[in-house]
Amino acid sequence: MSNKEKNLILVLKALTFAAEKHRHQRQDDAAASPYINHPIALVNLLIEVGVTDSKVISAALLHDTLEDTDTTYAELKIHFGKKISDIVWEVTDDKSLTDAERRRIQIAHAKTASKHAKLVKLADKTCNLRDIIKTPPVGWDIKRQRDYFYWAQEVIDALRGVHKKLEKAFDKAYALRP
């Protein structure tokens, strides 16, 4: 089996795993879209800008499994190895902290994150902005939407220099802020 085939199998395995873990979750938009659409959007964006590393693509598919499902780091490591699990761990928020503390930590961590984690974080923030523009979460007034945009900008400013095309996609979405 070629490396290309192995990489494709890895990505499909990550997609299947993420779809199963998020199967009962819905997005907060008015349509209550299936949650798996969000990780898939990250992958679409990454590939669109030329990021094809199967570890980054797999981590993007899995990026919310530790944070939003019952998945453990050990479980990810068994299925996907240390590298992918570490990337997912790097982009995972500690839900036991307040929103303000989690936001502060994301900004601080963005500066020191691995290149792979920065790519996933950049894609995540970009897709989140696009979603807010297209279909804001239910109950989010303009102030809350703007606050998210400003905070996302702080996170991305802390990790700039990792991928010009991906940063340009973020800037394009940010320019459409409410």
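Side chains included, hydrogens not; waters and symmetry mates left out as well; all remaining heavy atoms used.
- A distance of 8.0 Å separates CG of Asp28 from CH2 of Trp140, quoted to the nearest 0.5 Å.
- Between His109 and Gln106, the side chains place no donor N or O within less than 3.5 Å of an acceptor N or O (distance only, hydrogens not considered).
- A distance of 13.5 Å separates CD1 in Ile87 from NZ in Lys121, rounded to the nearest 0.5 Å.
- Using a 3.5 Å distance cut-off with no hydrogens or angles, the side chains of Asp157 and Gln153 do pair a donor with an acceptor.
- The shortest distance between side-chain heavy atoms of Val120 and Val56 falls below 4.5 Å.
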Audit row: Leu129, Tyr148, side-chain contact (heavy atoms from CB on, under 4.5 Å) steps and yes/no:
CA-CA 8 Å; Leu129 296 189; Tyr148 186 91; 3.8 Å; yes
Between His63 and His38, is the ring-ring contact (aromatic ring centres under 6.0 Å, His included) condition met? List the steps.
CA-CA 10 Å; His63 81 279; His38 172 64; 5.0 Å; yes
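- Residues Leu119 and Leu46 share a closest heavy-atom pair of O-CD2, 3.9 Å.
- Salt bridge present: Lys95 and Asp68 bring a charged side-chain N and a carboxylate O closer than 4.0 Å.
- Donor-acceptor pairing under 3.5 Å is lacking for the side chains of His163 and Lys118.
- No salt bridge links Asp99 with Arg103; every basic N to acidic carboxylate O contact stays at or beyond 4.0 Å.
- Salt-bridge formation is not detected for the pair Lys172/Glu167: no Lys NZ or Arg NE/NH1/NH2 atom is positioned less than 4.0 Å from an Asp or Glu carboxylate oxygen.
- Atoms OG and CZ, on Ser96 and Arg102 in that order, are 9.0 Å from each other to the nearest 0.5 Å.
- Between the side chain of Glu90 and the main chain of Ala113, no donor-acceptor pair closer than 3.5 Å is present.
- A salt bridge links Asp171 with Arg160; the closest basic N to acidic carboxylate O contact falls under 4.0 Å.
- Across all their heavy atoms, Phe149 and Ala173 have their closest contact at CE2-O, 3.7 Å.
- Within the 4.5 Å cutoff, the side chain of Val88 has no heavy atoms near those of the Tyr73 side chain.
- Heavy-atom minimum distance, Val155 versus Ala110: O-CB, 3.6 Å.
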Kindly determine whether Leu159 and Lys111 satisfy side-chain contact (heavy atoms from CB on, under 4.5 Å), including the steps that lead there.
CA-CA 5 Å; Leu159 59 72; Lys111 297 171 188 170; over 6 Å; no
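- The OG1 atom of Thr92 lies 10.0 Å from the CG atom of Leu62; values are rounded to the nearest 0.5 Å.
- Taking all atoms of both residues into account, the shortest heavy-atom contact from Leu66 to Thr72 is CD2-C, 3.3 Å.
- Distance alone, capped at 3.5 Å, places no donor-acceptor pair between the Ser54 side chain and the Asn7 backbone.
- Atom CD1 in Ile36 sits 6.0 Å away from atom CG in Leu15 (nearest 0.5 Å).
- Considering only heavy atoms from C-beta on, Leu76 comes within 4.5 Å of Phe17 through its side chain.
- Leu97 and Trp151 are members of different hydrophobic clusters when ILVMFWY side chains are connected at heavy-atom separations under 4.5 Å.
- Residues Lys55 and Phe80 fail the side-chain proximity criterion, which asks for heavy atoms closer than 4.5 Å.
- The minimum heavy-atom distance linking His22 with Tyr35 is given by the pair ND1-CD2, 3.5 Å.
- Atom CG of Leu42 is separated from atom CG of Asn37 by 12.0 Å, given to the nearest 0.5 angstrom.
- Evaluated for a side chain to side chain donor-acceptor pair (under 3.5 Å) with Lys21, the options Thr69, Thr65, Asp64, Asp70 yield exactly one hit, Asp70.
- A cation-pi geometry, defined here as NZ or CZ lying under 6.0 Å from the six-membered ring centre and within 45° of its normal, does not hold between Lys125 and Phe170.
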side-chain contact (heavy atoms from CB on, under 4.5 Å) between Val43 and Ile40, worked out
CA-CA 5 Å; Val43 170; Ile40 292 170; 5.6 Å; no
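- For the residue pair Ser58 and Leu10, the shortest heavy atom distance occurs at OG-CG, 3.5 Å.
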